Number of protein chains: 2
Amino acid sequence: MKTKSATATKAELSRDAVVDRALALADEEGLAAVTIRRLAQEFGVTPMALYWHVSSKDELFDAMGDRFFAGMRADDVASTGPWPDQLRRMIAAIVAVLRAHPAAAHLAAERILQCEPGRDIAERALGLLRDAGFPTSQAADIAGHALQTALMLVVQQPGEPTVAAAERAEIMETKRKALASLPPERYPNLIASADALTNCDDEDAYLMGGIDLFVAGVQALQPAPSATHRAAR
Amino acid sequence: MKTKSATATKAELSRDAVVDRALALADEEGLAAVTIRRLAQEFGVTPMALYWHVSSKDELFDAMGDRFFAGMRADDVASTGPWPDQLRRMIAAIVAVLRAHPAAAHLAAERILQCEPGRDIAERALGLLRDAGFPTSQAADIAGHALQTALMLVVQQPGEPTVAAAERAEIMETKRKALASLPPERYPNLIASADALTNCDDEDAYLMGGIDLFVAGVQALQPAPSATHRAAR
DNA sequence: ACCTGAACACCGTTCAAGT
DNA sequence: ACCTGAACACCGTTCAAGT
């Protein structure tokens, strides 16, 4: 045993260990709790010790964002079937990795083009859309919307730093009551939807519905095949 | 003249004046620059003076969020025409108010159901969707997605605190070059899209395209009219 | 190579006190 | 009613110094 006198048997200090702990801390107490000083404390070390492994807090956040894509291979989403199905699988794959750390998910969106696995999936998405007939600029817009849609499905409503699930339920219940006690003649639909707006009993169905809505929109906007495209077949 | 020795002839200290200045400061230097101490300094006053007008920074942020909806009347989006057009106009109206302060726009999303004009527009959106045949829970999901879509169209890519337009262009140019110099055989689509991904020459067209995509998706998912609905006509 | 100590310029907020 | 002063417990980060 060569463990020092840390609060618990913490891992050795290293760049990866810091990123790991930062993501775990975001999960537990929200992204606002991720602090150089707090992390140092968790490792039983001086705040400045972290600066050897990570050059600034911004760089730490970037590394956290990159971590989302680390285990992701573009080939995981099989490149078979009609393009809408492929697109759906790609978005679902992104949703899946973002769900690992919802409180830090928005860090991933900014990093997708800065890390290799992210670029691979972006490359495929763009190819898919251009092959479907979308002009380059629209394909770029749609790919960006796809990423943002995945993000929005994961982060949901609760106030930025994502509080623990326990008090989150409490907050939602308060909101539901506030909606339910609105004047019925003025807000009949809000009252009828109070339940639906404040709790999500089937998260998987919610996510799939959001993805379906997006993909259906892309399909509806697909340009009609041009003469040259037809000739190529 | 009863102006004190402030940096400039600032407005009198009041709740509204603080919210005004906070939004202006977010526009100029990003949301991270909005600080109790910084605001106090701008008003030529002690930090604690602000606590008479606003009970905490969180409450200030809430008030900033509410301000977005202040000038918005649900009747502004005329309730005529087919429901997809109405929905499109509602989203466009929200996009319009969020564009006033992009750096603070995400504060608005959390407040829509906590302020009266926000509730009015939410009520109409829910009514619209339920009348179109969507079940209550799906209508609630779609209304939420509509708001998040408006938000995502406005905030775009640049790293959270939204820097000034000047250095934003510089950052984008750096990213474009990074994309353009990627290995061409591996990332042909990213290279072809480097321009489209890093600059937006026609922002209005981008916004309209995003709204159209969303509305087209909702239309595609509209349930077929049931027998009871048909009977009601 | 890796970590510490002291210091600087910031935060939000409480509490008692002034006018 | 409205504002100040002093204080507390936090931040990120630099720089020189230790081992």
Side-chain angles (χ1 to χ4, degrees), chain A residues 2-7 9-23 25-26 28-65 103-104 107 110 159-163, chain B residues 2-7 9-23 25-26 28-65 103-104 107 110 159-163:
Chain A
K2 53 177 176 178
T3 57
K4 302 211 182 144
S5 62
T7 354
T9 313
K10 294 297 173 191
E12 293 293 309
L13 199 56
S14 74
R15 185 172 222 270
D16 281 346
V18 171
V19 174
D20 279 348
R21 196 72 202 93
L23 286 169
L25 195 51
E28 293 158 14
E29 304 181 28
L31 193 58
V34 177
T35 261
I36 296 284
R37 295 179 113 105
R38 171 68 184 273
L39 284 169
Q41 184 183 319
E42 304 241 335
F43 279 102
V45 105
T46 259
M48 309 77 196
L50 294 204
Y51 281 91
W52 182 261
H53 305 277
V54 72
S55 68
S56 72
K57 198 185 176 184
D58 277 348
E59 207 222 24
L60 169 61
F61 276 7
D62 286 348
M64 291 167 70
L107 298 176
E110 310 168 17
E160 305 312 287
T162 305
V163 284
Chain B
K2 54 176 178 180
T3 57
K4 303 216 180 136
S5 62
T7 355
T9 312
K10 294 296 174 191
E12 294 292 311
L13 200 55
S14 74
R15 185 172 222 270
D16 281 346
V18 171
V19 174
D20 280 346
R21 195 72 202 94
L23 285 169
L25 196 51
E28 293 158 15
E29 305 181 28
L31 194 59
V34 177
T35 261
I36 295 285
R37 295 179 112 107
R38 171 70 184 272
L39 285 169
Q41 185 182 318
E42 304 241 334
F43 280 103
V45 104
T46 260
M48 310 76 195
L50 294 203
Y51 282 91
W52 180 261
H53 304 277
V54 71
S55 68
S56 73
K57 198 186 178 186
D58 277 347
E59 207 222 24
L60 169 61
F61 277 6
D62 285 348
M64 291 167 70
L107 298 177
E110 309 169 17
E160 305 313 285
T162 305
V163 284

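Computed from a prediction, not measured in an experiment: that's the story for all the values here. Residue numbers begin at 1 in each chain, while the letters A, B, ... track the order of the sequences.
Pairing for D:dA9 is absent, judged as Watson-Crick or G-U wobble with the two contacts each under 3.5 Å. Look at D:dT4: its Watson-Crick or wobble partner, with both distances under 3.5 angstrom, is C:dA16.
Set against C:dT13, D:dC11, D:dT13, the side chain of A:Ser56 has D:dT13 as its closest nucleotide. Closest contact between the side chain of A:Val45 and the listed nucleotides C:dC11, C:dT4, C:dG12 involves C:dT4. In the set D:dC3, C:dC3, D:dG12, the nucleotide with an atom closest to the side chain of B:Ala49 is D:dC3.
Close to D:dC10, at under 4.0 Å from its OP1 or OP2, lies no side-chain N or O of A:Thr35. Side-chain N/O atoms of A:His53 include none lying less than 4.0 angstrom from OP1 or OP2 on C:dA1.
Smallest separation of non-hydrogen atoms from A:Ala104 and A:Leu23: CB-CD2, 4.0 Å. Scanning both residues, A:Glu12 and A:Phe43, for their nearest heavy atoms gives O-CE2, 4.2 Å.
Regarding A:Trp52, its CH2 atom lies at a distance of 14 Å from the C1' atom of D:dG18, rounded to whole Å. Between the P atom of C:dT13 and the CG atom of B:Leu39 lies a distance of 12 Å, rounded to the nearest Å. To the nearest angstrom, P of C:dT13 lies 12 Å from CE of B:Met48. Across the protein-nucleic acid pair, B:Glu29 atom CD and C:dC11 atom P stand 11 Å apart, rounded to whole Å. The CG-P distance, from B:Asp58 to C:dC11, rounds to 17 Å in whole Å. For B:Tyr51 and C:dT14, the OH to C1' distance is 9 Å, given to the nearest whole Å. Whole-Å rounding puts the B:Phe61 CZ to C:dG12 C1' distance at 11 Å. Atom CG of A:Leu50 and atom P of C:dA1 are 19 Å apart (whole Å).
Using a 4.5 Å heavy-atom cutoff, the side chains of B:Met64 and B:Leu60 are in contact. Considering only heavy atoms from C-beta on, A:Leu107 comes within 4.5 Å of A:Leu31 through its side chain.
Not a single donor-acceptor pair under 3.5 Å links the side chain of A:Thr46 to the backbone N or O of A:Ala49.
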